[in-house]
Amino acid sequence: MAEKSLHPDTLLAHAGGGVDPSTGAVVPAILPSTTFVRDRNYKLTSPAHLYSRDDNDLFRQIEALVADLEGAADSRLFASGMAAVAAVVRSAKPGGSILVQSGIYWGTTAWLRKHCARNGIALVEADATEIEQFCETIRETGPALVLIEVPSNPGLAIADIAKAAEATHKADGVLAVDATAATPLLMKPLALGADLVLHSTTKALNGHSDALGGIVSTSDANSDAWTFIREERHDAGAVMGPFEAYLLLRGLRTLGIRMERMCTNAQAIAERFSTHHRVERVLYPGLETHPGHELAKAQMSGGYGYLVSILVEGGAEAALEVAGRLNLIKRATSLGGVESLVEHRYTIEGDATGVAKNLLRFSIGIERVEDLVADLEQALGRK
Ligand code: PLP
């Protein structure tokens, strides 16, 4: 294993591991076998390998690497970001309450609403950027779990993690932060007081739009929540496949350099288009005019992420026209890949969340920024 004092980008480039001593392989092997043999005395030939629902060396390598990056006590991979969200949410027992930030990834909100209704859990949705009011809601409702998303998708809202953690702990709850839009390179929620941090690895951690996955990390490997999540992964089995784990580890090797380019591109695009005559507003925490900019500056380092939302002058129709005119930036859902994507979130969410009808969410990739700017310029229309 590599030394912990190495820079995260260096750890990532080496996939957090060394050369395989038995073969000299620089790249770890994919092991598709689901089961492992016992000897004549019924002892496992390799004690760490019984059955592949949990015993996958690639999982272990990725989990150790991500735990290092997060400053976490332990991590677990899941089959998708939603499987990771579900494991975290299920750690809150039926009967109590859960507080979730409003205006976050619609898939999480939609599933939470169904899950809580089915399991007798009171779901409270509140704006986490109004942090004093949010903490008051924590005091009033005493949720077993508080789930926030920083920065939020697609609103790019910035919630105060330390304040939310303090209020949650006073109420004996668990604070989980979905930091998919930041990655562990830009923000460390556990150091700010969160108990759990999760990512959809489908996004920037893999970064190539070719493998689903999710990961949860904890500050306390002995907590009740972590015991549940660990057992849920093992027993309920929402595991990643070995080929996806291989792709994820390969993607992670270049996370540092990809994030550098994606953040620089996103910042440049946000600045360039915030004064465009066809743009009502650009939502990006790296803009000094963003209401959460100072907080983002304090909580993040190395950039403000790869998501930029643009509110187009003229409503839903105008936004869809702009999306339709893009030539390079692809009209597709998801985020965090090397190629830039655009999505009209109102088409997906409708009126269920209050998302602005004229909002286009851009996931900015690693292309040369002048090509992205030119595509956006022609789609928005010059003066
Ligand atoms: N969390 C965030 C912030 C997301 O944007 C997404 C997907 O877009 C998810 C979780 C769910 O991840 P997955 O699609 O890998 O299940």
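Indexing begins at 1, ligand by ligand and atom by atom, following the structure's order. Note that this is a predicted model, so its numbers are computed, not measured.
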Open item on the list: So, regarding T202 and ligand 1 (criterion: nitrogen or oxygen to nitrogen or oxygen, under 3.5 Å), is there a contact or not?
Closed with: yes
TODO: Could you walk me through whether D127 and Q133 pass the side chain to side chain contact (heavy atoms under 4.5 Å, CB included) test, one step at a time?
DONE: CA-CA 8 Å; D127 179 358; Q133 185 54 45; over 6 Å; no
TODO: Check whether any N or O atom of L212, backbone or side chain, sits under 3.5 Å from an N or O atom of ligand 1, and answer yes or no.
DONE: no
Task: Any K203 heavy atom less than 4.0 Å from ligand 1 - done: yes
Task: For atom 13 (P) of ligand 1, closest protein heavy-atom neighbour - done: G81 N, 3.4 Å
Task: Option with minimal heavy-atom separation from atom 5 (O) of ligand 1, where the choices are I104, T180, N153 - done: N153
- [ ] Check if G213 has a non-hydrogen atom at a distance under 4.0 Å from any atom of ligand 1.
- [x] yes
TODO: For Q299 and A159, indicate whether the former's side chain and the latter's backbone hold a donor-acceptor pair under 3.5 Å.
DONE: yes
Open item on the list: Donor-acceptor check, side chain of S217 to backbone of S75, threshold 3.5 angstrom: yes or no?
Closed with: no
Task: Exercise: do H344 and E349 side chains pair donor with acceptor under 3.5 Å - done: no
Task: Shortest protein contact, atom 16 (O) of ligand 1 (heavy atom only) - done: M82 N, 2.8 Å
- [ ] Run the numbers for me: atoms of ligand 1, each under 4.0 Å from some heavy atom of S200, listed by number.
- [x] 9 (C), 10 (C), 12 (O), 13 (P), 15 (O)
- [ ] Tell me which protein heavy atom sits closest to atom 1 (N) of ligand 1, plus the residue, atom name and distance to 0.1 Å.
- [x] D178 OD2, 2.7 Å
Task: ligand 1 to L335 polar contact by distance, N or O atoms, under 3.5 Å - done: no
Task: Note, R76 side chain near W226 side chain (heavy atom, < 4.5 Å) - done: yes
Task: 4.5 Å side-chain heavy-atom contact, L249 and L65 - done: yes
Task: Side-chain donor-acceptor contact under 3.5 Å, D351 with Y346 - done: yes
Open item on the list: Tell me whether E339 contacts the main-chain N or O of G365 through its side chain, where contact means a donor paired with an acceptor under 3.5 Å.
Closed with: no
- [ ] Write out the residue and atom name of the closest protein heavy atom to atom 11 (C) of ligand 1, then the distance separating them to 0.1 Å.
- [x] Y105 CE2, 3.5 Å
Task: Contact atoms of ligand 1, heavy-atom distance to E149 under 4.0 Å - done: 3 (C)
